[in-house]
Number of protein chains: 2
Amino acid sequence: MPKVGMEPVRRKALVEATIHEIGRAGTLDVTVSQIAKRAGMSSALAHHYFGGKTQIFMAAMRHILSQYGLEVRRRLKKAKTHEERLRALVDANFAPSNFREEVVSAWMNFYVLAQNVEEARRLLTVYYHRLHSNLVHDLRPLVGGEAVIIARRIEALIDGVYLRQSLRNEPANPATASELVLGTLENELARCGSQRPAATLSLIAQKERSE
Amino acid sequence: MPKVGMEPVRRKALVEATIHEIGRAGTLDVTVSQIAKRAGMSSALAHHYFGGKTQIFMAAMRHILSQYGLEVRRRLKKAKTHEERLRALVDANFAPSNFREEVVSAWMNFYVLAQNVEEARRLLTVYYHRLHSNLVHDLRPLVGGEAVIIARRIEALIDGVYLRQSLRNEPANPATASELVLGTLENELARCGSQRPAATLSLIAQKERSE
DNA sequence: GGTTTTTTATTGACTAGTCAATCAACAAAA
DNA sequence: TTTTGTTGATTGACTAGTCAATAAAAAACC
């Protein structure tokens, strides 16, 4: 029974169904029918609103990236010092909204997609650059010239944690993951920072341990 | 013109063609025909020798993992001290034989495969455990109780470097990649090691810089 | 040594199934 | 009656896997 103004509702449902379906299957090899079914409509309607399968994937990827961006900005707003901002940047990656089983799996598959589809690669590159310049911005005052190399380490580490999470059967544990990255960061700062006492940071201290 | 004793030749050709084809396509979505064609035979023959597509993939994955294992053992044999052994363990990941564009891409896709196919996951788990226990074995004497957590960081970092490499257009640079990981490791050791002078390690010093 | 039989290598043609994309048709709201 | 929403049915392309047939080498036999 056709109601009017369905377009945004349908699009949203499809995007979310896509992420869940990719997460469930662990692959980009999901059919439009599967996605449409989960979103509660026919596959023809999915094509009607998005045009094609690739566009559905791209919309889903854009959604994940924008949700991630939102999380980053939300946390950065609360942070004052450089140390707090660094923690915010790292923690955003492991926020519950991003670091869930299906979303992590979808991320992994988008990485693969970015190897094939130029637009996907572009999106990912934007995210990379933003994270990198954010990190460098707050690392520079603390470690000077080492900022870039340390940023690269943190970036790779975050991706690695995601990758390994996608292989686990256990549900994601934000605290453990975040701690792993922050611990490394703390080490880097303690080692080559010279303008502030190492203890100032204490990134981890404020969280309880797990694992 | 049938020559006899072709089986091992064909199998090898198919395995290598599989890796190249996956790397080229950036996806597991390659057809048996494409693989067979690159290996210089008909798709029927590929089926004849391997049975099915999944088995072809598994054979390719096993080949990559065994090549990696070989590299590790080769380097470990030359290493004497714990520090040298740690460096060997890290460097093996970035040896030219493993850290090439197609192989990196294949790795990424095998990660995805491991989310779906139980046997693929098992293979990857074996590799994980071996790397982990190797790292811990040589970290423990240097850093004691922190060995496990540091090992986890290094492992995630290595995976992250692979992942990011798969997104680049530029050819892989072993030196840069290795340095990124070894630098982190050095930091960790310098920070929490207490039984030996930090300078002893100098993991990076012996390599020229790049990037 | 020559002939037959068996084994191994090889492929073109075919089957059965899947799936993205399209379209014609229908239904409610404006 | 025009716009918006919706779907079942269909098309067209593609692909994993099978099979029967062919051909050379090797082995067995005389």
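Here is how names work: the chains are called A, B, and so on, in the same order as the sequence lines, proteins then strands, and each is numbered from 1.
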Between B:Glu21 and B:Arg24, does any NZ, NE, NH1 or NH2 come within less than 4.0 Å of an OD or OE carboxylate oxygen?
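Salt bridge between B:Arg24 and B:Glu21, a charged N being under 4.0 Å from a carboxylate O: yes.
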For the pair A:Glu118 and A:Arg122, find out whether any cationic side-chain nitrogen is under 4.0 Å from an anionic carboxylate oxygen.
no
State whether A:Arg10 places a side-chain N or O below 4.0 Å from either non-bridging phosphate oxygen (OP1 or OP2) of D:dT6.
yes
Is there a donor-acceptor contact under 3.5 Å from the side chain of B:Ser105 to the main chain of B:Glu101?
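A pair under 3.5 Å: no.
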Is the positively charged end of B:Arg62 above the ring of B:Phe57, judged by distance under 6.0 angstrom from the centroid and angle within 45° of the axis?
no
Once you round it to whole Å, what is the distance between [atom2] of [N] and [atom1] of [X]?
{"X": "A:Leu45", "N": "C:dC23", "atom1": "CG", "atom2": "P", "result": "16 Å"}
{"X": "B:Leu14", "N": "C:dT11", "atom1": "CG", "atom2": "P", "result": "11 Å"}
{"X": "B:Met6", "N": "C:dT7", "atom1": "CE", "atom2": "C1'", "result": "16 Å"}

DNA chain C-proximal residues of residues 46-57 of chain B, any heavy atom under 4.0 Å:
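B:His48, B:Tyr49 - these, ordered by number, are the residues of the stretch whose heavy atoms sit under 4.0 Å from the strand.
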Is any side-chain heavy atom of A:Leu189 closer than 4.5 Å to a side-chain heavy atom of A:Leu139?
yes
Are A:Trp107 and A:Tyr127 near enough that their ring centres are under 6.0 Å apart?
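Yes: the rings meet the under 6.0 Å criterion.
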Suppose we screen for salt bridge (Lys or Arg N to Asp or Glu O under 4.0 Å). Which residues come up paired with B:Glu16, at least two apart in sequence or across chains?
none
For DNA chain D, find the residues of residues 15-42 of chain B with a heavy-atom distance under 4.0 Å and give them by number; none if there aren't any.
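The stretch gives B:Val30, B:Thr31, B:Val32 as the residues lying under 4.0 Å from the strand, ordered by number.
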Does the side chain of A:Asp159 come under 3.5 Å of the side chain of A:Tyr128 through a donor N or O and an acceptor N or O?
yes
